[in-house]
Amino acid sequence: MAKLAPSILSADFSELALEVQRIEKGGADYIHVDVMDGHFVPNISYGATVMKSLSGKTKLPFDVHLMIEDPDKYIPEFVTDNTLYITVHQEAVHHLHRTLMYIKSLGVKAGVSINPSTPLSQLEEILPYVDLVLIMSVNPGFGGQKLISECLDTIYRLKEITDENDYPFLIEMDGGVTLGNLKQVIKAGADIVVAGSSIFHTEDREKTTKEFVKIIK
Ligand code: DX5
Ligand code: ZN
């Protein structure tokens with residue numbers, strides 16, 4: 001059964017705690033936390049301070065997606081009681097194994113992400129060490145983009161590798177997921193689905209979350 005991780009990137013920040021409570025009531029599994037630095041991606045979102053303000057306001061675990069250069073410098077700031085996963089980008093890290101081991105040493109599950117243009121083969125050596133692989137299905141930086149359909153094939157191929165090797169990591173898809181393409185994303189093999197604008201840009205976030213959950217489960 002797949003899990004739902006709404007991205008608060010598209011939430012109304014003036015009432016962030018309420019936004020999170022709406023998706024929690026709707027049955028979301030995680031809160032997807034998109035951190036952007038204006039270097040690795042051409043946009044700045046928010047940092048650990050904003051994320052920490054939600055700690056204690058929700059029981060949902062944080063699924064932290066760091067779209068930042070030199071993440072080792074900032075990783076400890078994102079460790080809270082709610083933090084379940086911290087994911088870094090393969091393209092942003094020089095010593096991926098070291099970074100993933102560092103995340104694990106802080107008591108958090110370690111994830112790695114690749115952009116749509118990065119070949120899956122770039123992850124081959126690291127797969128035995130990861131808890132989560134996040135496949136970007138848009139070029140990271142902005143919510144509300146259209147899913148690049150070739151990324152569904154990436155998920156499908158990754159799922160085959162996982163099954164062949166009995167790897168324990170989960171596969172996450174992030175970017176452009178809507179109620180319209182959700183079934184395809186699940187069918188391709190995603191264990192966790194991120195959805196930002198297609199939840200937070202609707203009138204009733206709780207109801208939309210429930211609609212996602214109904215399809216996923
Ligand atoms: C993109 C982020 C995604 C994105 C998802 O850079 O990593 O999490 O905000 O938003 P939607 O679902 O609107 O594509
Ligand atoms: Zn993300």
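Numbering of residues begins at 1 and proceeds along the displayed sequence. All ligand and atom numbering here is 1-based and tracks the order in the structure.
Across all non-hydrogen atoms, the minimal contact from K59 to N82 is C-ND2, 4.2 Å. Of all heavy-atom pairs between A5 and E172, the closest is CB-OE2, 4.1 Å. Nearest heavy-atom pair across V213 and G26 is CG2-O, 3.7 Å.
Taking the six-membered ring for Trp and the full ring otherwise, F13 and Y46 have centroids separated by under 6.0 Å.
Taking a heavy-atom cut-off of under 4.0 Å, ligand 1 is surrounded by S7, L9, H32, D34, M36, H65, M67, M136, P140, G141, F142, G143, G144, D174, G175, G176, V194, A195, G196, S197.
A salt bridge links E19 with R22: at least one charged nitrogen is closer than 4.0 Å to a carboxylate oxygen.
Closer than 2.8 Å to the Zn ion (ligand 2) sit the protein N, O or S atoms H32 NE2, D34 OD1, H65 ND1, D174 OD2.
H89 and H65 have parallel rings, their planes meeting at less than 30° on a 0 to 90° scale where 60° marks the start of perpendicular.
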Kindly list each side-chain donor-acceptor pair under 3.5 angstrom involving residues 121-132, sequence neighbours excluded, with atom names and distances?
from : atom 1 : to   : atom 2 : distance (Å)
Q122 : OE1    : Q90  : NE2    : 3.3
D131 : OD2    : A110 : N      : 2.8

Which donor-acceptor pairs under 3.5 Å do the side chains of residues 143-155 make with protein atoms, sequence neighbours left out?
from : atom 1 : to   : atom 2 : distance (Å)
Q145 : NE2    : N139 : O      : 2.9
Q145 : NE2    : F142 : O      : 2.9
D153 : OD2    : R157 : NE     : 3.1

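A side-chain contact (heavy atoms from CB on, under 4.5 Å) with M173 holds for exactly one of L134, I192, V185; it is V185.
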